[in-house]
Amino acid sequence: MVTVIARVAVWEPMPDDDRQWVIDAAKSVPGVLNTYHLVDQATGNGLSIAFFEDDTDLAEVKAAIGRRADEIGWHNAPRPAPKSETVYRVIRSG
């Protein structure tokens, strides 16, 4: 049985650009199972939730996202950073 790890980032506010590039970059790394971006329509705050096989190198996932951000010039303007980032071990799923 594969152990699954979840990374949850809290955004206040969630960046409002087309964030599909982040998901595509993350999923280019083996072991990334899925990634979701959620937004509260009333506040603009959001969550980024990603699921990984436990042996996935999360530093490589961040590096892949960073490389793509550089390619598209995302860092050329001030951008918000997550307010927090926590990594969890998934103990149950359905």
Side-chain angles (χ1 to χ4, degrees):
M1 183 169 142
V2 174
T3 301
V4 175
I5 303 298
R7 175 198 166 269
V8 178
V10 176
W11 293 85
E12 296 176 357
M14 174 66 101
D16 61 1
D17 62 312
D18 177 5
R19 305 289 287 169
Q20 187 62 41
W21 66 267
V22 175
I23 294 171
D24 294 343
K27 291 189 82 172
S28 73
V29 177
V32 176
L33 302 173
N34 221 330
T35 302
Y36 301 89
H37 289 167
L38 297 81
V39 68
D40 179 328
Q41 294 293 324
T43 66
N45 296 338
L47 298 173
S48 173
I49 304 173
F51 295 94
F52 311 91
E53 294 176 357
D54 68 342
D55 60 352
T56 304
D57 184 351
L58 298 185
E60 178 54 32
V61 176
K62 285 186 176 186
I65 293 168
R67 285 189 298 272
R68 184 65 184 134
D70 288 342
E71 289 171 2
I72 66 170
W74 196 76
H75 295 297
N76 294 345
R79 306 285 183 171
K83 293 292 181 185
S84 67
E85 180 180 348
T86 306
V87 176
Y88 299 91
R89 181 171 179 247
V90 175
I91 59 171
R92 282 180 281 288
S93 65

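- Separating the CZ atom in Phe52 from the OG1 atom in Thr3 is a distance of 14.5 Å, to the nearest 0.5 Å.
- Heavy-atom contacts from other residues, nucleotides or ligands closer than 6.0 Å to CZ of Arg89 number 12 or fewer.
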* **side-chain contact (heavy atoms from CB on, under 4.5 Å) assessment of Leu47 paired with Met14** => CA-CA 7 Å; Leu47 298 173; Met14 174 66 101; 5.8 Å; no
* Go through the steps for Val22 and His37 under the test side-chain contact (heavy atoms from CB on, under 4.5 Å), then give the verdict. => CA-CA 10 Å; Val22 175; His37 289 167; 4.1 Å; yes
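- Taking the six-membered ring where tryptophan is involved, the planes of Trp74 and Trp21 are tilted, since the angle between them lies from 30° to 60°.
- Follow the hydrophobic side-chain contacts under 4.5 Å out from Phe51 and you reach Leu38 in the same cluster.
- Within the 4.5 Å cutoff, no side-chain heavy atoms of Pro82 are placed close to those of Val10.
- A distance of 5.5 Å separates CG in Asp17 from CZ in Arg79, rounded to the nearest 0.5 Å.
- Taking each heavy atom of Ala6 and Val90 in turn, the nearest pair found is CB-CG2, 4.1 Å.
- Val8 and Ile23 are assigned to two separate hydrophobic clusters, defined by single-linkage of ILVMFWY side chains at heavy-atom distances under 4.5 Å.
- Salt bridge Arg68/Asp70: absent, no basic N to carboxylate O contact under 4.0 Å.
- Ala26 approaches Val32 most closely through the heavy-atom pair O-CG2, 3.1 Å.
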* Determine, step by step, whether Glu85 and Ser48 satisfy the side-chain contact (heavy atoms from CB on, under 4.5 Å) criterion, reporting the C-alpha distance in whole Å, the side-chain angles of both residues, the deciding distance to 0.1 Å, and the verdict. => CA-CA 9 Å; Glu85 180 180 348; Ser48 173; over 6 Å; no
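- Val29 and Ala64 get closest at one heavy-atom pair: CG2-CB, 3.8 Å.
- Residues Leu33 and Tyr36 fall within the same hydrophobic cluster, defined by Ile, Leu, Val, Met, Phe, Trp and Tyr side chains chained together at heavy-atom separations under 4.5 Å.
- Side chains of Thr35 and Ile49 form no contact here, defined as non-hydrogen atoms less than 4.5 Å apart.
- A pairwise comparison of heavy atoms in Pro80 and Trp11 identifies O-CZ3, 3.2 Å as the closest pair.
- Scanning both residues, His75 and Gly66, for their nearest heavy atoms gives NE2-O, 4.5 Å.
- Annotation: salt bridge (charged side-chain N to carboxylate O under 4.0 Å, His left out) contacts involving residues 38-60, sequence neighbours excluded, comprise Glu60-Arg67.
- Contact detail for Ile65 and Ala25: the closest heavy-atom pair is CA-CB, 3.9 Å.
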